[in-house]
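Comments concern the structure below.
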There are 2 protein chains.
Amino acid sequence: MSTTPETAPKRGSRLPRLARRAQLLEAAQEVFVANGYHAAAMDDIADRAGVSKPVLYQHFPGKLELYLALLDSSCDAIVASVQDALKSTEDNKLRVAATMHAFYDYVANAQGAFRLVFESDLTNEPAVRERVDRVTHACAEAVSEVISADAGLSREQSMVLAVSLVGMAQVSARYWLGAGDPSFPQQQAADLVASLAWRGIRGFPRTDT
Amino acid sequence: MSTTPETAPKRGSRLPRLARRAQLLEAAQEVFVANGYHAAAMDDIADRAGVSKPVLYQHFPGKLELYLALLDSSCDAIVASVQDALKSTEDNKLRVAATMHAFYDYVANAQGAFRLVFESDLTNEPAVRERVDRVTHACAEAVSEVISADAGLSREQSMVLAVSLVGMAQVSARYWLGAGDPSFPQQQAADLVASLAWRGIRGFPRTDT
DNA sequence: GGTTTCGTGGAGGTCAAGATCGGCGTGCAA
DNA sequence: TTGCACGCCGATCTTGACCTCCACGAAACC
């Protein structure tokens, strides 16, 4: 009848509010990444954090807000990473490589946070859709500025090219991660795709065959 | 305007089994495309088809099976389209262009069936994940054969490049469709991205700067 | 050391959505 | 004309997940 008298590792320990919130966010990210939004239950998140559900609801108004908090972090992370990569040099070839590596780093690390952005199962929710689209748009816009500055293309044209490069990075990085081939390391894959991107984009708008 | 010009779905009219099934599939595709899997209710699908829910369950065992039937059609369509495009010529530059146009055609037409493949919100379901991954894999493999035949790269390398090109086509086509800019027609966008892809992939494995 | 306060925990309400049963009407055959 | 068979519909059930209510215990303060 009585619960285990000896103190469980985390069960029952009181934490400062911010620490508790951080712990809840971490637990929620693990569950959302592993199961997606719909298959993730608030019970699972609370259990994973070692607390009960009311505690969760004292920190977040609902499941959607909890998800959006994590999604915002993930979106900000990848966008900032890409922007930093683009600002890291003035050599466009190195820029392409740095940006490609930024995508691969993000996919390979960040505890799978990329799944929240690139594999969300809540894209019908307008708030989610808006954030996910914003990531592609922001990354592409940063790339597009570099393209249009050097190539003299129209805004729509350079945006389509930029989105193409972003899609290339995003899809290939996810494929590389899913393949999980240890004989094909991250650096090598990212460099290969970066060379593909650079060969494609350099020299625009030359139209030779 | 409704996209059903002639079929008069009168409430209470009896249809042959196959015709009814086709009608149900069409209605289900509209609802799934518009709302995604989770937000789509079986009631909505039945209403859209002008029948009641029991009829739906007499044709399909459950919601998942109905979805998978549609998903299979969409997957087969895009894979076949890409394979046809690759077989349509022996000139690799034209191959790239034809394949890119295949993606753009698929996204622009097919009543939004591409959403089932590229924007599914049921990727946590293994059966769905398997089919969606299979599309990218099959398309990339077809592209990869052409690449490795001409470039002498390893299988893993040519697959990563092929997946990159597929991702480029897929993401840029969806972006172009979402932008909905009438002054930037499909043909022009597809050609632009095709030229990006061709500049990138031609001449591999040259490694000059 | 006692009291007060606040956070925690288990048990429960509510509701939406997938999945199913008793009437009903139509068309065919005798 | 009339009985029969078959497919369709309204109404219902159940499940599962999000979201709160009543006891307990630990910390803080005088």
Side-chain angles (χ1 to χ4, degrees), chain A residues 1-25 27-28 31-32 34-71 121-122 124-125 127-128, chain B residues 7-25 27-28 31-32 34-71 121-122 124-125 127-128:
Chain A
M1 168 179 182
S2 66
T3 57
T4 56
E6 51 272 12
T7 60
K10 291 185 177 181
R11 200 82 175 178
S13 67
R14 291 164 85 103
L15 267 66
R17 198 170 170 79
L18 281 177
R20 179 68 81 193
R21 180 186 163 94
Q23 185 201 12
L24 290 175
L25 283 170
V31 174
F32 279 133
N35 302 96
Y37 180 84
H38 291 101
M42 294 295 266
D43 306 68
D44 298 345
I45 296 171
D47 285 350
R48 168 77 70 146
V51 299
S52 68
K53 267 188 292 181
V55 184
L56 202 50
Y57 283 95
Q58 282 161 7
H59 283 264
F60 302 96
K63 190 184 184 183
L64 179 61
E65 288 78 12
L66 175 56
Y67 186 78
L68 288 179
L70 292 167
L71 183 62
D121 58 344
L122 198 65
N124 301 287
E125 176 65 37
V128 173
Chain B
T7 58
K10 287 188 298 184
R11 192 83 173 185
S13 68
R14 293 192 172 196
L15 268 66
R17 212 177 156 73
L18 280 178
R20 180 66 83 193
R21 181 187 162 92
Q23 185 201 12
L24 291 174
L25 283 171
V31 175
F32 280 133
N35 302 97
Y37 180 83
H38 291 101
M42 293 295 266
D43 306 69
D44 298 345
I45 296 170
D47 285 350
R48 168 77 70 148
V51 300
S52 68
K53 264 192 295 182
V55 182
L56 203 50
Y57 282 95
Q58 283 161 8
H59 283 264
F60 302 96
K63 190 183 184 185
L64 178 61
E65 288 78 11
L66 175 56
Y67 186 78
L68 288 179
L70 293 167
L71 184 60
D121 59 345
L122 199 64
N124 300 289
E125 176 66 35
V128 174

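Proteins get letters first, then strands, A, B, ... in listed order; numbering begins at 1 in each.
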**Message:** Without decimals, in angstroms, what is the distance between A/D47 CG and D/dC18 P?
**Reply:** 12 Å
**Request:** Starting from C1' on D/dT20, measure out to NE2 on A/H59 and report it in whole angstrom.
**Result:** 16 Å
**Request:** Would you indicate whether the side-chain heavy atoms of A/E125 and A/L68 approach each other to under 4.5 Å?
**Result:** no
N/O contacts under 3.5 Å, protein versus nucleotides 11-18 of chain C?
from	atom 1	to	atom 2	distance (Å)
C/dG18	OP1	B/A40	O	3.2
C/dG18	OP1	B/K63	NZ	2.8
C/dG18	OP2	B/M42	N	3.0

**Asked** Side chains of B/L66 and B/L24: closer than 4.5 Å at any heavy-atom pair?
**Response** no
**Item:** Under 4.0 angstrom between A/R20 side-chain N/O and C/dG7 OP1 or OP2
**Value:** no
**Message:** List the residues meeting side chain to side chain contact (heavy atoms under 4.5 Å, CB included) with B/A69, not counting sequence neighbours, and say none if there are none.
**Reply:** B/L25
**Message:** Before you tell me yes or no, could you show the steps for A/M42 and A/I45 under side-chain contact (heavy atoms from CB on, under 4.5 Å), namely the whole-Å CA-CA distance, both residues' side-chain angles and the distance that decides it to 0.1 Å?
**Reply:** CA-CA 5 Å; A/M42 294 295 266; A/I45 296 171; 4.3 Å; yes
**Fill in**
A/A46 and A/L56 have their tightest heavy-atom pair at N-CD2, 4.2 Å
Pairs under 3.5 angstrom, nitrogen or oxygen only, protein versus nucleotides 24-28 of chain C, please.
from	atom 1	to	atom 2	distance (Å)
C/dG25	N2	B/R14	NH2	2.3

**Message:** Rounding to an integer number of Å, can you tell me how far A/L56 CG sits from C/dG9 P?
**Reply:** 12 Å
**Message:** Using whole Å, what does the distance between atom P of nucleotide C/dG7 and atom CZ of A/R21 come to?
**Reply:** 16 Å
**A/A34: side chain to side chain contact (heavy atoms under 4.5 Å, CB included) partners, not counting sequence neighbours** = none
**Asked** To the nearest angstrom, how far is A/L122 atom CG from D/dC18 atom P?
**Response** 12 Å
**Message:** When you measure from the side-chain N and O atoms of B/Q58 to the phosphate of D/dC8, is any distance below 4.0 Å, counting only OP1 and OP2?
**Reply:** yes
**Bend angle of the helix from C/dG1-D/dC30 to C/dA30-D/dT1, from helix axes over five pairs at each end, nearest 10°** = 10°
**side-chain hydrogen bond (donor to acceptor under 3.5 Å, both in side chains) contacts in which one or both residues fall within residues 34-44 of chain B, not counting sequence neighbours** = A/H38-B/H38, B/H38-B/D121, B/D43-B/K53
**Asked** Roughly how far, to the nearest 0.5 Å, is the NE2 atom of A/H59 from the CZ atom of A/R21?
**Response** 8.5 Å
**Item:** Closest approach of A/G62 to A/Y57 (non-hydrogen atoms, all atoms of both residues)
**Value:** CA-CE2, 4.1 Å
**Item:** Closest approach of A/V31 to A/A40 (non-hydrogen atoms, all atoms of both residues)
**Value:** CG1-CB, 3.6 Å
